[in-house]
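The structure appears right after this line, and notes come after that.
If you read the sequence from its start, that first residue is 1, and numbering goes on from there.
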Amino acid sequence: MGLNITEKATHKAVWEAFALNRRTDRTPLHFRLFSNDFQMPPMKPKRQSYEWYVPKGILKSNWISKYLYHVPALVVLFYDLDWNDTSWTDKKNDLATRVHTLKSVLGSRNSRVALVLIQSGISVPGEDTGAAEKAATLCTACDLPAKHLFVLPHSDAHLLGYTVRLENALSEIAWTFYLGETKGVRAHRDFLNKTTHTLLFVRHQFKLGFLNELRNDSQAAIKHYAQCYHLLLDLRSTDTNLHEIRIVAAVVNYKICRLDFALNLPRDAISQFRRHIDLFRQRTGPKELIFEHYAWLSKQYQIFGDVFEEAVRGGLPAVQTQHPGFYYQQAAQYAVLRRKTALQVCKDVSAPVSDLLEGWSKLEFYGQRPWRPGKRSLEPPEQQREAEGIMEVQYHEVKEVNHSNTIIPLFSSAISQFKKYRCPRIKRHLMVQMAEEYHQANDSSKALTLLNHVMWDYRSEKWWSLLSSVSALALQCAYNTAAITEYFGLALEFMGTKLMRSEEDKKRVHDNLLKLLNGQSPDPEPGTPPEVVTVATEAWSVLLGSQVSPVTVDMTTLVPCLEVRASFTQSQFHVDQEVGVIVMIRNSYQSAISLSALSVTTNSPSYSDRLLETQPEKLILSPGKVTEIHLTFLPLVEDVGKKVKVTGVRAQMDVPNSSLVVSLQWSGPGNEGVTMHAANTPAFPEFSLLYKDKFDISLPIAETEILPRQPRLTVQIEHDNTALVWEWLPVKVFLKNIEESLASDISLSFGLDPSSHINLELATQVCTSSGLLSDKIGSQVSSFSNGELGVGEESAVTFYVKSLTASERVLTLKVEYTVPVLSGGSLVHCPCVCEKSIHIQARIPFQVTVETQSLKFEKLARVAAGESFLVVPKIKCISHVPITLTNSSLALANEVNQVGTEAKSQVMNTVLSEGEIGVDCFCVLLSKKATPNSALTLGQYVLYWKRCDYVCCQVAVNK
């Protein structure tokens, strides 16, 4: 008290530092801001003797809140006062008056009083020699111990740190209050006896545990709570006081479990809770109030789940087999059982005449009945009044308690926990139960949303029995909410063979679909309450009266009675061929179903108007059979080289003279997500006997490639299959047009195959005759234009290939051209492509060895400076064809000179066949300037050669 937070910013900052944004590492304290005129709750007179005292109950309902919110352990008075204040004496007297007034308000309560001086500056010991003297004078004037006086410097930068230090000191003082209270409770035990004061023993142990808990002594608190629980179990229980005993037991059990979790003893907490439930599960109480017992059990599981979850958020690890979700689930189950038993035992209850439940929430003791509060006898004193009170409780249970508002949050909490700990099947089971609860609470839209999520998983995992039971509830929810899209989809699924329903039910649902198509409201589902039927019928009438747009039902995720599979007839089509699409529709319903239209959509919108069937006689689907519908379209020239995919199938249902149109839509080639696919079936022929038709075993072709038109331009290639390294090998291409029209825009691409190794790309050169002398020659000639060819005309193109290494090469020739064709009633230029590959094996044409000989033709290993000698190259032909050596020469080093002015080649115009050797000879002179006794490179031998049978440029080889 003493803080004026509305007018003084300093006081507001101090209050916020204490009360707001408290972290978990700070001392657990509860602060309340008192005004100067606050009043303490009156104290009851102290009892001098317990000899004739008979307790009226176990635990008073206001005792806990009194110590939490009304009786302060410590009252702190804040006051603005500096040590060097000019009005020190006056403010000291004013402060002393306030403290004495505060003590008089506290009366005989043992609440402690502390004084905090808010000062503007920081006092440094030794600077103000009179501060200690003034502090002692102030404590004497206020009659306070010196330890109860504090100074709080107000500094924006360090206020929080000062506050934390101050609250730690204040908490020590506050705990002395609770220690004194515990001593006072213990002092009463000497006056009690176990004959008439058994309830007081329980009450006092609870008080000791609670006060020790407020002192932050958890171990002592658990000890006293455990003793309290043990003494509570020793009490004699009857139907009259059982409710009080189990309510108090629930409070004590909560305290024990919460403290065990706080002390990181989860096993002890779980063990205590299980023991608690086992002890009270069979104590059901009077049969007329059996629902109270299940409500109590539900609350126990819910509270323990909350405590468990709080501990997990605090860092306690939980596992998949032990987490709060199990307790929320059990709480929901007992809440459902509570409602079930309440409807059984309270079905004939009538409205009460008197109000015996008045003041039910303000009873003096926990768990007592409002029509007999404070009665100690173990049997009800008035049987008639007891019966009337029970009837009022029953009436309150069935008329004023909304059980769904209790059950649904419990299911929601359990679902979130099982989702967190990855238990999908239990989560789905709880979602179904939660949907049933929503349905019972007349909130069918939320129930349908939950069921849609669950049914998706049941379909994908093929839990047909579970799907069968859930689908009936989903269909009823769709009817209640007039959800026409969901109703159509669920109805078609209901009529299928996967769902194990009777033929009568399936026929009833089919009749409802026919009514909807004729613009009439469907009949209600069995078991629908009359009041719900009235509301639903009105909603259907309004919907059908305003329904003008088509109803689109996504069938891909369903297992309906109509199964669709669309497939191309083959995986490739030429651009001048009609593309065939087969749509197989299997009707698993017991009667024929008629469609008004069927269409297939592709990734190219241009074909949508062509893949359409509207003839009624082809769209009658016989029961238990597969109907095949064939559709065709002529591909566009723009789609050459592209893939056309089936993106969806759409079927339309309607009847004449009705505004309602229902569009059934499958994405992709059909409902493959939930039907048996051929790729997932065993590849044994014996298994094919298990299938009734080819719908189950045929593998759909979902995409097809549009290939260019088959070319009618003949292409012939002439070349030698064996090429010689370093030569330009001619490859002649002959073209002849046998088309029925002009072939234009002829383009040729020739070169190394793209899949060849990169080393071959660097060792292969390809060009035309115009590029032989170019310095930039690669391994490809792209888009070489060859003009046009009329009908029957011919042309020839020659390419040249040089191989720089002896290895095999694959070269590809691609001829592209366009011809005019008639497509869709118009003349378009259709591209045609012809590709051919050739294989060429390159080999080395000859081997060259060079010898040095004397002028007498003797071999020399060493030569002397200033002497002449012979250089004799020997050329061995290893080519498969004869080669002509056109010329040869020497490119000598600086230290070597050729003898004579004219040195002619000795092998000029020599023809060598495979295995033959040609010998050349040159006379050279070694300069006297050459370094003696050293290795010397004489130079290079240059040889010019060509094939004998080709007229082409000669090739030079250096050796």
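- Checked by atom type and distance alone, the side chain of T704 pairs as donor or acceptor with a backbone atom of Q570 at under 3.5 Å.
- Remark: side-chain polar atoms of T627 are not paired, donor with acceptor, to backbone N or O of L621 under 3.5 angstrom.
- Legend: residues meeting side chain to side chain contact (heavy atoms under 4.5 Å, CB included) with K802, ordered by chain and number and at least two apart, are W728, Q765, L804.
- The side chain to side chain contact (heavy atoms under 4.5 Å, CB included) search around T497 returns S588, not counting sequence neighbours.
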Subject >> side chain to side chain donor-acceptor pair (under 3.5 Å) assessment of S795 paired with N786 >> reply: CA-CA 9 Å; S795 67; N786 197 41; 3.1 Å; yes
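- Of the possible polar contacts, one joining the N737 side chain to the L789 backbone as a donor-acceptor pair under 3.5 Å is found.
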Original post:
Can S782 and S749 be said to form a side chain to side chain donor-acceptor pair (under 3.5 Å), step by step?
Top reply: CA-CA 4 Å; S782 301; S749 298; 5.0 Å; no
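- Not one N or O on the side chain of R501 forms a donor-acceptor pair closer than 3.5 Å with the backbone of F494.
- Every pair passing side chain to side chain donor-acceptor pair (under 3.5 Å) that includes a residue from residues 632-642 is listed here, sequence neighbours excluded: Y607-D639.
- With sequence neighbours excluded, the residues that form a salt bridge (Lys or Arg N to Asp or Glu O under 4.0 Å) with E914 are R843.
- Between the side chain of K618 and the backbone N or O of E613 there is no donor-acceptor pair closer than 3.5 Å.
- The environment of NE2 in H829 is sparse: at most 12 heavy-atom neighbours from other residues, nucleotides or ligands sit within 6.0 Å.
- Here the closest heavy-atom approach between residue P831 and residue V640 is recorded as CG-CG2, 4.2 Å.
- Among residues two or more places apart in sequence or in another chain, the side chain to side chain contact (heavy atoms under 4.5 Å, CB included) test is passed with D654 by S596, Q652, V661.
- Under the salt bridge (Lys or Arg N to Asp or Glu O under 4.0 Å) criterion, K732 pairs with no residue, sequence neighbours left out.
- Checked by atom type and distance alone, the side chain of R712 never pairs as donor or acceptor with a backbone atom of Q710 at under 3.5 Å.
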